[in-house]
Each structure stands twice: as structure tokens, then as C-alpha cells.
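Residues: numbered from 1 along the sequence shown. This is a predicted model, so every value here is computed, not measured.
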Amino acid sequence: MDAEGQKNHLKAYGITYWVLTKQQKVQWLLNYRGGSFLLPDGENIRKECQIRGVSFEILSDAQTQSILESISSPSKNQEAVVLEKAPKVAVYSPKGNQPWDDAVTMVLTYAEIPYETVYDEEVLDDQLALYDWLHLHHEDFSGQYGKFYGAYRAAPWYIQQKQDAEALATKLGFSKVSEEKRAVALKIRNYVIGGGFMFAMCSATDSFDIALAASDGVDICEPMFDGDPSDANYQSKLNFNKTFAFKDFTLERSPLKYEFSTIDMTAKRRIPKEVDYFSLMDFSAKWDPVPTMLCQNHTALVKGFMGQTTSFERREIKSNVLILGENKRNEEARYIHGIKGKGFFTFYGGHDPEDYQHRVGDPKTELELHPTSPGYRLILNNVLFPAAQKKKQKT
């Protein structure tokens with residue numbers, strides 16, 4: 001899985017997942033040649049790699065033992081982690097087409113990793129318990145329809161989206177969309193606390209925590225969103241003890257501004273596209289296998305990319321949350337991870353790792369043109385993460 005040895009990093013994750021579905025174990029060699037996978041040998045596996053265009057090498061038993069002994073040396077910041085079971089994957093995404101695409105569903109499809117789609121009905125019906133890993137599509141859990149009101153309130157797709165959301169909320173027994181989304185956020189929170197793995201990108205990151213901060217019944221929505229005024233002084237009523245990752249943030253009151261809060265750094269960025277990169281943190285593979293796993297890549301420097309929520313204000317990240325990727329020049333976090341109860345969450349800023357400034361209506365990214373994408377590899381690290389044997393994290 002290093003830069004020189006692998007022609008299709010993304011499909012290699014699909015091969016690994018496929019092997020796990022055959023009830024065969026895999027070893028993930030953390031920090032060894034870009035985080036390589038040690039698979040059992042077999043003619044069917046070799047053929048599958050050839051069909052999917054995945055580079056592989058055949059090792060003798062002696063070579064394998066030599067590599068594993070080298071990795072186990074205390075002097076090497078490497079570790080062999082056993083992957084045991086293919087996690088069952090769910091994507092939280094609205095039914096029907098949206099005028100934008102989703103990086104996670106694209107890369108799961110490209111890597112040939114199966115997933116099922118769930119939305120509010122399934123979440124409120126406690127069906128998340130059926131899944132090991134949950135991705136949150138670019139959702140707005142605050143009930144403000146993505147804060148698209150300023151630019152798109154007259155667009156047919158925005159009007160239809162609002163009508164559909166209101167109809168679903170009514171069907172599920174809620175008087176307002178914001179109340180329904182809050183209930184969904186609390187169900188997802190309970191899923192993670194109970195041992196689930198949750199991954200979110202772009203606006204699903206900060207809007208999820210905003211919904212939790214307002215979950216004591218605080219109305220943060222203006223009339224054009226929910227039909228009645230917001231609570232007076234709602235900022236002072238937010239409860240940051242209920243959030244996953246963020247604290248002390250200030251909400252954006254204006255419905256005309258395409259922004260949720262001070263968490264997001266998009267408007268504060270002064271980085272030319274040509275030099276917009278973020279660096280992955282270096283963790284101890286033997287003592288902290290979890291963050292090491294999530295940062296496996298063939299480069300420590302990843303191209304930046306924009307989104308409604310591009311990156312996170314470091315001062316507003318809780319002290320118990322790990323920063324996995326950062327742009328020091330702009331003092332921003334791009335990729336963060338934490339523990340909540342028995343479960344885990346990862347927040348990844350930006351919309352599409354291979355589309356620098358994705359806009360509504362832009363064509364989707366063709367991953368056939370980006371089979372070695374470091375930014376997309378980070379997503380797939382998270383997909384395989386639940387398959388690993390659990391070890392107590394030291395950090």
C-alpha cells in the first residue's frame with residue numbers, strides 16, 4: 001500500500017473487505033509500506049486482485065515471518081493488527097437523488113464495499129443496531145435545510161427538499177423538521193454510546209453537534225425554516241456537555257449566511273489552492289493503534305478540499321478529541337476522532353477529496369481517475385476500523 005507498489009489503493013480496501021466476508025482474517029500492517037494488508041494466499045484471492053486491478057506480492061512463509069518479526073520490534077513504530085469480521089455498513093442519506101453527490105457512497109461503490117441506506121424512519125425505528133458502521137451523508141441536523149436559503153430559496157430542488165422534509169416530519173409525528181432532526185441526532189448519539197462507529201463529513205459534522213447542543217428543546221431556527229421565531233438568547237441556552245467534539249462555539253444567526261457556526265473555518269481560510277495541504281499526525285502504532293489505523297496512507301501530506309464545513313476551529317475542539325490531520329499554517333483541524341461511551345466517531349472536513357471546491361450541480365468525481373487518492377483512503381480507513389480486534393487506547 002505504499003506509493004510505488006500499489007496501482008489502486010482504493011480497490012485494495014475492497015479486496016480486504018471481500019476476504020473478510022469469506023470468514024478469513026487479515027492482518028493490517030500499520031506503518032509498513034503505507035499500511036499494507038497481509039492476506040491469506042489463494043488462487044481465488046489472486047484472481048480477484050487481478051480482476052480489480054489491485055497490486056499484490058506473494059510471500060513465502062519465511063518472508064512473512066521475517067516481516068512480522070521486524071514489525072514487532074520495539075524499535076519500529078509499526079504494528080500488525082488483526083481484522084476479523086467485515087463490518088456491516090449503513091449510510092444515512094435521504095431517499096432519491098440530491099443535487100450533489102457524496103464522497104463516501106462514491107468510494108464504497110468504487111471499492112466494491114456493500115452498504116445499505118438508512119434515513120430518519122429507520123433511525124427512529126432503532127434499526128441502527130443492525131449495523132457496525134454508520135456514515136452521515138451531508139445532512140443538516142439543525143433543521144435549517146443546509147442554510148441554502150440565501151442563495152437557493154427559489155430553486156425548485158430547494159422547495160421540493162423542504163416540502164419532502166416537512167412531509168416526512170409530519171408522517172413521523174413531529175410538528176417541525178427541526179424537532180424531528182433533533183430526535184434523529186439523539187438516536188445516533190445513543191447508537192455511538194452503545195458501541196457504534198460513526199463517520200461524518202462536511203456539514204454533518206458541525207450540524208450534528210449543534211443539534212445535540214440544542215437538544216434540551218432550544219429553538220435555534222428562524223421563521224423561514226420552522227414557521228415560528230427562534231428562542232430569545234438561544235446562544236446562552238446551548239449545552240456543550242452534550243456534544244461529541246465541539247465546545248464554546250457561536251451559532252450564525254443570519255438565515256442568509258451559508259454557515260452554521262464559528263466551528264467551521266471556511267470563511268477564515270486564506271490558503272491558495274496550490275499550497276492547500278494538511279498533514280497527518282504521527283502516532284505510536286503499538287500504543288495507539290486506533291489513530292494510527294485511521295491515518296494509514298502512502299503520504300503524510302494530503303491535498304486540501306473545500307466544503308460547506310471545510311475544517312474545524314482548533315480552539316472549539318474538546319480536549320479529549322484527537323486531531324488526526326491539521327493545517328498548521330491556518331491553525332485548523334481537518335480530521336478528528338473521539339470516543340463516546342463504548343463507541344467511536346470521526347469527523348472529516350470538506351466535501352470531496354478530489355474536487356477542490358464542489359458546488360451544487362457540479363458533475364460527480366470519477367474515481368477511476370483517482371485510484372490512489374490519499375484523501376479517499378482516509379474514508380476507507382474508517383470503514384475497516386470496526387473490523388479490528390479491539391485494544392485499549394493509551395492516548
Side-chain angles (χ1 to χ4, degrees), residues 103-104 135-142 144 146-147 185 188-189 192 197-214 220 235 238-252 257-271 273 276-281 283 290-291 294-295 300-340 344-353 356-358 374-375 378-379 381-382 395:
V104 174
H135 163 58
L136 304 183
H137 177 84
H138 305 280
E139 185 67 45
D140 174 8
F141 291 96
S142 74
Q144 299 174 92
K147 294 295 290 279
I188 294 171
R189 173 185 177 273
V192 176
F197 298 75
M198 187 260 275
F199 177 84
M201 286 187 73
C202 201
S203 61
T205 58
D206 50 352
S207 76
F208 178 77
D209 257 14
I210 289 168
L212 293 181
I220 63 172
Q235 177 65 43
L238 299 179
N239 186 346
F240 299 117
N241 292 325
K242 296 199 170 185
T243 61
F244 275 24
F246 305 115
K247 62 176 184 178
D248 304 334
F249 51 83
T250 302
L251 298 184
E252 174 52 59
K257 288 196 70 174
Y258 183 58
E259 185 60 272
F260 292 107
S261 74
T262 54
I263 295 169
D264 176 38
M265 297 274 295
T266 301
K268 308 170 196 172
R269 307 185 88 237
R270 299 292 182 269
I271 307 170
K273 176 181 176 180
D276 190 357
Y277 287 82
F278 63 94
S279 55
L280 298 175
M281 309 296 276
F283 296 94
V290 168
L294 298 179
C295 289
L301 211 56
V302 181
K303 281 191 306 183
F305 53 100
M306 306 281 277
Q308 181 175 16
T309 302
T310 300
S311 53
F312 314 119
E313 172 65 67
R314 289 191 61 129
R315 291 170 295 184
E316 294 177 3
I317 297 173
K318 292 184 174 183
S319 60
N320 62 336
V321 174
L322 285 176
I323 294 175
L324 304 178
E326 65 176 358
N327 184 313
K328 288 186 177 178
R329 175 176 174 176
N330 208 46
E331 297 183 349
E332 63 183 9
R334 294 298 310 251
Y335 181 43
I336 63 178
H337 174 74
I339 300 171
K340 193 70 174 177
F344 301 84
F345 65 90
T346 303
F347 289 167
Y348 190 15
H351 186 94
D352 183 336
Y356 185 72
Q357 197 166 6
H358 188 87
L378 297 180
I379 297 172
N381 287 343
N382 281 270
T395 297

Atom CD of Glu331 with >12 non-hydrogen neighbours under 6.0 angstrom: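 Count not over threshold, so no.
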
Going from [atom1] on [X] to [atom2] on [Y], what distance comes out if it is rounded to the nearest 0.5 angstrom?
X	Y	atom1	atom2	answer
Arg329	Arg270	CZ	CZ	12.0 Å
Gln235	Ile220	CD	CD1	9.5 Å
Arg189	Leu212	CZ	CG	7.0 Å
Ile339	Asn320	CD1	CG	8.5 Å
Leu251	Asp206	CG	CG	10.0 Å
Leu136	Met201	CG	CE	11.5 Å

Is any side-chain heavy atom of [X] closer than 4.5 Å to a side-chain heavy atom of [Y]?
X	Y	answer
Ser261	Ile210	yes
Tyr258	Thr266	no
Met281	Pro291	no
Glu332	Ile271	yes
Ile323	Phe312	no
Leu280	Leu378	yes
Val302	Tyr277	no
Lys268	Glu313	yes

Using only atom types and a distance under 3.5 Å, with no angle test, would you say the side chain of [X] pairs donor to acceptor with the backbone of [Y]?
X	Y	answer
His337	Phe345	yes
Lys318	Phe240	yes
Ser203	Glu139	yes
Thr243	Asp209	no
Gln308	Ala204	no
Tyr335	Leu294	yes
Glu259	Glu252	no

Of all heavy-atom pairs between [X] and [Y], which one has the smallest distance, and what is that distance?
X	Y	result
Phe249	Ala213	CZ-CB, 3.9 Å
Ala200	His135	CA-ND1, 4.4 Å
Lys340	Asn241	NZ-O, 4.4 Å
Ala333	Ile317	CB-CD1, 3.6 Å
Phe278	Asn327	CB-N, 4.1 Å
Thr310	Arg334	O-NE, 3.1 Å

Step-by-step side-chain contact (heavy atoms from CB on, under 4.5 Å) determination, Phe283 to Leu324: CA-CA 9 Å; Phe283 296 94; Leu324 304 178; 3.7 Å; yes

Ring center gap for His351 and Phe305 short of 6.0 angstrom: no

Phe208/Phe244 aromatic ring centres below 6.0 Å: yes

Residue pair Thr309, Phe347: steps toward the side-chain contact (heavy atoms from CB on, under 4.5 Å) verdict: CA-CA 10 Å; Thr309 302; Phe347 289 167; over 6 Å; no

Flag for Asn382-Tyr348: side-chain donor and acceptor within less than 3.5 Å: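 Side-chain D/A pair, Tyr348 to Asn382: absent.
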
